[in-house]
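Residue numbering restarts at 1 for every chain, and letters A, B, ... go by the order of the sequence lines. Nothing here was measured: the structure is a model prediction, and the numbers come from that model.
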Amino acid sequence: MMKNQTVNVAQERVTIRHVAEDAGVSVAAVSKVLRNAYGVSGSLRGKVEASIEKLNYRPSVAARAMRGRTQTVGVLVIELSNPFLPGVIEEANAALSENGFKALIGIGRSASSIEASMIESMIDNRMDGVVIIAPRISGKVLERYARQIPIVVIAHHEPHAETYDTVNSDDRRGGYLAVEAALRAGYQDIAMLSYDLLDSPATIVAVQREEGYLDAMKQAGLKGRIIRLPPVAVDRQQAIRNFLDAKDRPRAVFVWSDLDAVPLINAARTRAIRVPEDLAIIGYDNSPMAAIPLVGLTSVDQNQMQLGRTAAEVLLSRIDGRRDARHLLIEPHVELRGST
DNA sequence: TGGACTGAACGGACGCAGTA
DNA sequence: TACTGCGTCCGTTCAGTCCA
């Protein structure tokens, strides 16, 4: 019979002092080698590197943080299922990595209380900065946290924030471009499918897209019509079916996000509604799903890669001491496919 | 004289001993 | 029991020393 045995191995952490002792040099000399600092001879470097290798030494991030930086940045995302996020995170991570920083990801689960707790953990763990994507917490709360840690926010329009930076796709412009694309394709009866924003502030991207949609419709001399889905995703399926079955269904629809546009195109086809012959659909985000040939969804591209890289660069400059706030907008474009 | 190297101070959190 | 002060942790930084 097998027995569980408890093996107690005393594990002493290898510190810079152990390395210094092994190499026969001072602690400061080891630190200089680690930081690639000026004033280190080749022979000293060789001895230190040999000892580091021999002892399998790894510097303590916590100790480094006492005087300087941890070289870590938190990336707080709303959820993982949103197809908009991978491109943003990958490119932000690449830009941070090129500058010697590591990105650690937290998930806010669309709840402001969880987001707040995650940001506090990132502060407590002495991270050098935070990239927050599509936060639920208010700008006021963000202002408070930004006094403790450099913050850059993506997908949150707050152009007057003074203590943190924002990097956004120009969502208002994106809504405008979606209508322009529909008009060019010959449609006039264009509705927008959004969701119940429940008095959301203008910081929300969907509010900006609605404003862009209404602007473009007004400019074309047309009357805008916004149809709202329930705020909870599980209730939306029935609402989408109701929209498709409605007698006054528009000829074309601009959907606030591919998150709802892809289910809409799927529901339309299962109900034998031809896309685009019976209903033209334009989504937003240009997610990988939109590009699948069987989906073929025309969608507004936010340029996720540029959003991620720009956000990382803005954060790094704030970590380096910049104090003035920057609020950047990235120009979107429409990716035309078969749904229009 | 200047490059190479060292010693000590420093930082925030936490545990522990001593004192009121 | 509450409070205070000290020591420890460990990597970085800077002023100072050594030596060719």
Asker: Transitive ILVMFWY cluster of A/Val205 at side-chain heavy atoms under 4.5 Å: who else is in it?
Answerer: none
Asker: May I ask you to establish whether A/Arg209 and A/Tyr284 are in a cation-pi arrangement, using a distance under 6.0 Å from NZ or CZ to the six-membered ring centre and at most 45° from the ring axis?
Answerer: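 Yes, A/Arg209 sits over the ring of A/Tyr284.
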Asker: Taking only residues two or more places apart in sequence, or in another chain, which ones meet A/Tyr145 in a side-chain hydrogen bond (donor to acceptor under 3.5 Å, both in side chains)?
Answerer: A/Glu120
Asker: How close or far is atom P of C/dC10 from atom CD1 of A/Ile16, stated in whole angstroms?
Answerer: 11 Å
Asker: I need the CD-P distance between A/Gln71 and C/dT12, as an integer number of Å.
Answerer: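 For the pair A/Gln71 CD and C/dT12 P, the rounded distance is 10 Å.
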Asker: Got a salt bridge between A/Glu79 and A/Arg109, using NZ or NE/NH1/NH2 to carboxylate O under 4.0 Å?
Answerer: no
Asker: Under 30°, 30 to 60°, or over 60°: which ring-plane class applies to A/Tyr164 and A/His156, parallel, tilted or perpendicular?
Answerer: tilted
Asker: Determine: side-chain N/O of A/Ser31 to OP1/OP2 of C/dT12, distance under 4.0 Å, yes or no.
Answerer: yes
Asker: Can you run down the salt bridge (charged side-chain N to carboxylate O under 4.0 Å, His left out) pairs that involve residues 85-97 of chain A, sequence neighbours left out, and say none if there aren't any?
Answerer: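 Residue pairs with at least one partner in residues 85-97 of chain A: A/Glu91-A/Arg309.
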Asker: Please determine if a side-chain N or O atom of A/Tyr57 lies less than 4.0 Å away from the OP1 or OP2 oxygen of C/dG11.
Answerer: yes
Asker: Mind checking A/Val27 for me? I need base, sugar-phosphate or nothing, with any heavy atom below 4.0 Å counting as a touch.
Answerer: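 Touches a base.
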Asker: Report the distance from atom CG of A/Leu44 to atom C1' of C/dC18, rounded to the nearest whole Å.
Answerer: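 Going from A/Leu44 (CG) to C/dC18 (C1'), I get 14 Å.
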Asker: Dump the pairs, protein N or O against N or O of nucleotides 14-17 of chain C, anything under 3.5 Å, distances to one decimal.
Answerer:
none

Asker: Side chains of residues 332-340 of chain A: which donor-acceptor partners sit under 3.5 Å, not counting sequence neighbours?
Answerer:
residue, atom, partner, partner atom, Å
A/His333, NE2, A/Glu335, OE1, 3.2
A/Arg337, NH1, A/Asn286, OD1, 2.9
A/Arg337, NH1, A/Leu297, O, 2.8
A/Arg337, NH2, A/Asn286, OD1, 2.9
A/Ser339, OG, A/Ile281, O, 2.6
A/Ser339, OG, A/Thr298, N, 2.8
A/Thr340, OG1, A/Thr298, OG1, 2.8
A/Thr340, OG1, A/Arg337, O, 3.4

Asker: Taking any atom under 4.0 angstrom from a heavy atom of chain A, which nucleotides of DNA chain B are the first and last to qualify, 5' to 3'?
Answerer: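 Terminal contacting nucleotides, 5' to 3': B/dG3 to B/dG12.
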Asker: If you look at every heavy atom in A/Ser169 and A/Gln302, which pair is closest and at what distance?
Answerer: CB-OE1, 3.2 Å
Asker: Rounded to whole angstrom units, what separation is found between the NE2 atom of A/His18 and the C1' atom of C/dG11?
Answerer: 14 Å
